[in-house]
Amino acid sequence: MADSVAQHLEKQEEYLDLLTKSGQKTGISKPRPISSFIILCHFTRRGDVHRDGDYHRAVHVWIFAESTQELLLQRRADCKDSWPGLWDISSAGHISAGDSSLITARRELEEELGVTLPKDAFELIFVFLQECAINDGKYINNEYNDVYLVTTLDPIPLEAFALQETEVSAVKYISYEEYKRLLAEEDSDYVPYDVHGQYGQLFDIIERRYKEDTVARSLTLQKQLKRYAPISLDAEVVELFVICLCCYEL
């Protein structure tokens, strides 16, 4: 418990680079938003960035299992101060001042789900600007999100994930078509994303790719598979390979 608290306190000192509304760096940084630094499920203070509505950067990481056509979702911890208890992106996090987008994507996936992947498993597919206010206007989210896609041949077993309890309470797989439908219906169990707006690109990209000839794709994937070593998981899972479909045109 003491070690966990110490780690949270260290993270409270992280800063975020502030951006202009058009996404350019201002040269100013502020304390990062603190959404889940919790002791016995009590919140500490919220960071200045979300209080003031400053524009900043973050990453979204989606894990997609090709064989089942499913996306991995995480259920946000009940102690989160934004969308607690709702189903959301496989993994996500803020980009700390001075860090790169890719470094953050890899770190967040490892911290939240206990999965370590090589750099080339992460495919940057688009950038999404999210502008919204929740919690009676007390939490303002003006965020440029770099959206990454990690494609696996088969689903990573759920028991392989080591969940960060202050961030994630559960994970599950869902077909991307079903997930798109639930978002379009504004299902209250899911963090809202406008599938008819910018975030619809995620589903458009997946749908476009998997209309291709499956035999030809299978041969291509087998060739790409040889480029990757087994990924490292906190749980005892071996011989699980990951593919990043970077050679496909968006």
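Note that the structure is predicted; figures quoted are calculated from it, not measured.
- The aromatic rings of H60 and F128 sit tilted, their planes meeting at an angle between 30° and 60°.
- The shortest side-chain heavy-atom distance between T68 and D154 does not fall under the 4.5 Å cut-off.
- Annotation for E165: atom CD does not count as buried by contact number, only 12 or fewer foreign heavy atoms lying within 6.0 Å.
- Atom-to-atom distance recorded for D99:CG and Y15:OH is 15.0 Å, nearest 0.5 angstrom.
- Within 6.0 Å of NZ in K25 there are 12 or fewer heavy atoms belonging to other residues, nucleotides or ligands.
- In terms of heavy atoms, Q74 sits closest to A92 at NE2-N, 4.5 Å.
- Just one of Y179, Y148, Y176 meets the ring pair (Phe, Tyr, Trp, His ring centres under 6.0 Å) condition when paired with W62; it is Y179.
- Nearest approach of I63 to S90, heavy atoms of both residues: N-OG, 3.0 Å.
- Under the 4.0 Å criterion applied to side-chain N and carboxylate O atoms, R75 and D78 are assigned as salt-bridge partners.
- Judged purely by atom type and a 3.5 angstrom limit, Q69 uses its side chain to pair as donor or acceptor with the backbone of E66.
- Put simply, the side chain of L109 reaches to within 4.5 Å of the side chain of F122, judged on heavy atoms.
- Nearest approach of I89 to Y193, heavy atoms of both residues: CD1-OH, 3.0 Å.
- By the 4.5 Å heavy-atom criterion applied to side chains, L71 and I206 are counted as neighbours.
- Between the side chain of T26 and the backbone N or O of T20 there is no donor-acceptor pair closer than 3.5 Å.
- We find that K180 and E177 are not joined by a salt bridge, their nearest charged nitrogen and carboxylate oxygen being 4.0 Å or further apart.
- For the atom pair CZ of R107 and OG of S96, the computed distance is 5.0 Å after rounding to the nearest 0.5 Å.
- The closest donor-acceptor contact from the side chain of Q201 to the backbone of Q198 lies under 3.5 Å.
- The CG atom of D54 sits 8.5 Å away from the CD1 atom of I28 when rounded to the nearest 0.5 Å.
- Looking at heavy atoms from C-beta onward, L163 lies in side-chain contact with L113 at the 4.5 angstrom threshold.
- Across A77 and T166, no two heavy atoms sit closer than the pair CB-O, 3.6 Å.
- A salt bridge is defined here as a Lys NZ or Arg NE, NH1 or NH2 lying under 4.0 Å from an Asp or Glu carboxylate O, and R209 with E123 meets this definition.
- Put simply, the side chain of H56 never gets that close to the backbone of E143: no donor and acceptor are under 3.5 Å apart.
- Side chains of Y139 and N141 form a contact here, defined as non-hydrogen atoms less than 4.5 Å apart.
- Y144 is listed as a side-chain neighbour of L129, based on a closest heavy-atom distance under 4.5 Å.
- Between atom SG of residue C132 and atom CG of residue N142 there is a gap of 8.0 Å, rounded to the nearest 0.5 Å.
- Counting only heavy atoms from C-beta outward, the side chains of R57 and L16 never approach each other to under 4.5 Å.
- Salt bridge annotation for E110-R106: absent, with no cationic side-chain nitrogen under 4.0 angstrom from a carboxylate oxygen.
- Within the 3.5 Å criterion, the main-chain N or O of V61 finds no donor-acceptor partner in the side chain of S91.
- Heavy atoms only, all atoms of each residue included: H94 and T104 are closest at O-CG2, 3.3 Å.
- Closest heavy-atom contact between I125 and L202: CD1-CD1, 3.9 Å.
- Residues V150 and V115 form no side-chain contact, since every pair of their non-hydrogen atoms from C-beta on lies 4.5 Å or further apart.
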